[in-house]
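Everything on this sheet refers to the single structure shown next.
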Amino acid sequence: MSKLITLHEFIMDRQSDFPYASGELSRLLSDIAVASKVVSKDVRRAGLMEDILGAQGNTNIQGEEQQKLDVIADKQFIRIFQAGGEVCGIASEENDDFMPFDSEFSKQGKYVVLFDPLDGSSNIDVNVSIGSIFSIYRRKSEKGTMATLEDMLQNGDDQVAAGYVLYGSSTMLVYTTGKGVNGFTLDPSIGEFCLSHPDMKMPEMGRIYAMNEGNVNICEPGIKEYIETYCQQILPGKDKPYSGRYIGSLVADFHRNLIKGGIYIYPDTTVDPEGKLRLLYECNPLAFIAEQAGGLATTGRKRVMEIQPTRLHQRVPFFVGSKKMVEQAMSFLK
Ligand code: AHM
Ligand code: MG
């Protein structure tokens, strides 16, 4: 029987990939794993606890109704980052502005974390998979000072690490530090994430497409054409069309496509002229993972990670998944 490798052991083993690393990134990744376990525990009890399930009663900066679990998850992550000392500030999808940490201890932190504490909020109340997404950057401001907006508005290509946690049929943490992608499944009996998906690779081509097809007539015509031509036809050499699969939880749709091969599309529409998904909290981290696994992530026109962000809650159209499928979809856009 092969030895069980815990996430903690794995992170420690990989520290030598970065000869100048002083262990802070390793500690930060371990902190994220701890926060994820706490959030996972709350997610798993959601149907039983009135203080966990349902709407919080306010809207976030994006005008979206916050769920209690959005807020609980947000607080858990922030609490752990404030206590760890590796992070000098954060930005989260649930907060209006970025949050520089003001303790002397945190001001020494080398990193900033941008995250979506609980993605797929509309699925919380109906017991469908949801996730957390995170992105880590080295700060630009000087150590010992407060984090600045410039620390937050960095290109995806500058990410030091990124990952997500999927609260699905099991809880999984998938992350990259730019040296491949590895996935860990939470074993609830021992409370540890254990390596279950080493060196994940996204198939170059798949046969799953994921898009909210209710939007097909309010986005540019090329997308409808792509879906009708490529996804809904029996292509030469195939015995059936592609399968449409749309969970409406980005992490879950992405994770399935990472394993099986597929494409996820959230284009700009007449309702959401910049797209719906957030560059900093959702698109950049998943783009980093996709590319590290051999996939592709674009806006339909350019690589997502090349975009210079100008606003914290900036949205972009998002095409992510198997390389050849994303390229095919892009060829339909003018
Ligand atoms: P959220 O961060 O408010 O949960 O919104 C992001 C979610 C993604 O997980 C999902 O892919 C998408 O929004 C679904 O949007 P829609 O309901 O418009 O299809
Ligand atoms: Mg989200």
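Each ligand, and each atom within it, is numbered from 1 in the order the structure gives. Because only heavy atoms are used, hydrogens play no part in the values below, and waters and symmetry mates are left out as well, while side chains stay in.
Using bins of under 30°, 30° to 60° and over 60° for the plane-to-plane angle, the ring pair F77/F115 lands in the tilted bin.
Considering only non-hydrogen protein atoms, atom 4 (O) of ligand 1 sits nearest to G120 N, 2.7 Å. Looking only at protein heavy atoms, the nearest one to atom 15 (O) of ligand 1 is K276 NZ, 3.0 Å. For atom 10 (C) of ligand 1, the closest non-hydrogen atom on the protein side is G248 O, 3.2 Å. Atom 6 (C) of ligand 1 has D119 OD1, 3.3 Å as its closest protein atom, hydrogens excluded (heavy atom only). Protein heavy atom at the shortest distance from atom 5 (O) of ligand 1 is R278 NH2, 3.4 Å. Looking from atom 2 (O) of ligand 1 to the surrounding protein, the closest heavy atom is E93 OE2, 2.7 Å. Looking from atom 14 (C) of ligand 1 to the surrounding protein, the closest heavy atom is Y246 OH, 3.2 Å. The protein non-hydrogen atom at the shortest distance from atom 18 (O) of ligand 1 is Y266 OH, 2.6 Å.
Under 4.0 angstrom from ligand 1, the non-hydrogen atoms of N212 all belong to its side chain. When heavy-atom distances to ligand 1 are checked against a 4.0 Å cut-off, D116 comes that close only through its side chain, counted from C-beta outward.
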Output, in order, the C-alpha distance, side-chain angles, deciding distance and verdict of side-chain contact (heavy atoms from CB on, under 4.5 Å) for Y175 and I136.
-> CA-CA 11 Å; Y175 83 100; I136 302 174; over 6 Å; no
Give the C-alpha distance, both sets of side-chain angles, the deciding distance and a yes or no for side-chain contact (heavy atoms from CB on, under 4.5 Å) between Y164 and L250.
-> CA-CA 10 Å; Y164 60 80; L250 176 61; over 6 Å; no
Run the numbers on K324 and E327 for salt bridge (charged side-chain N to carboxylate O under 4.0 Å, His left out), then give the verdict.
-> CA-CA 5 Å; K324 287 205 168 134; E327 283 167 352; over 6 Å; no
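The N, O or S atom of D119 lying closest to the Mg ion (ligand 2) is OD1. The closest approach of E282 to the Mg ion (ligand 2), by N/O/S atoms, is made by OE2. Looking only at its N/O/S atoms, D116 has OD2 as the one nearest to the Mg ion (ligand 2). Restricting E93 to its N/O/S atoms, the shortest distance to the Mg ion (ligand 2) is reached by OE1.
Not one N or O of N215 is nearer than 3.5 Å to an N or O of ligand 1, by distance alone. Taking distance alone, with nitrogen or oxygen atoms compared against 3.5 Å, V251 stays at or beyond that limit from ligand 1. The shortest N/O to N/O separation between S249 and ligand 1 does not fall below 3.5 Å.
Contact atoms of ligand 1 toward L250: 8 (C), 9 (O), 10 (C), 11 (O) (distance under 4.0 Å to a heavy atom of the residue). Set against the non-hydrogen atoms of E282, the atoms of ligand 1 under 4.0 Å away are 2 (O), 6 (C). Taking a cut-off of under 4.0 Å to the non-hydrogen atoms of Y264, the atoms of ligand 1 that pass are 10 (C), 11 (O).
Both Y111 and I78 are members of a single hydrophobic cluster when ILVMFWY side chains are connected at heavy-atom separations under 4.5 Å.
Across all non-hydrogen atoms, the minimal contact from S30 to H8 is OG-ND1, 3.5 Å. Heavy atoms only, all atoms of each residue included: G248 and D253 are closest at N-OD2, 3.1 Å. Between A91 and L312, the shortest heavy-atom contact is CB-CD2, 3.9 Å.
Rounding to the nearest 0.5 angstrom, the gap separating the NE2 atom in H197 from the CZ atom in F184 is 11.0 Å.
With respect to E220 and R301, a salt bridge is recorded, a charged nitrogen being found less than 4.0 Å from a carboxylate O.
A donor-acceptor contact under 3.5 angstrom links the side chains of Y167 and S132, judged on distance only. With 3.5 Å as the limit, one finds no donor-acceptor pair spanning the side chains of E192 and T6.
In this structure, F193 and F10 have side chains that are not in contact, with every pair of non-hydrogen atoms separated by 4.5 Å or more.
At least one heavy atom of S121 sits less than 4.0 Å from an atom of ligand 1.
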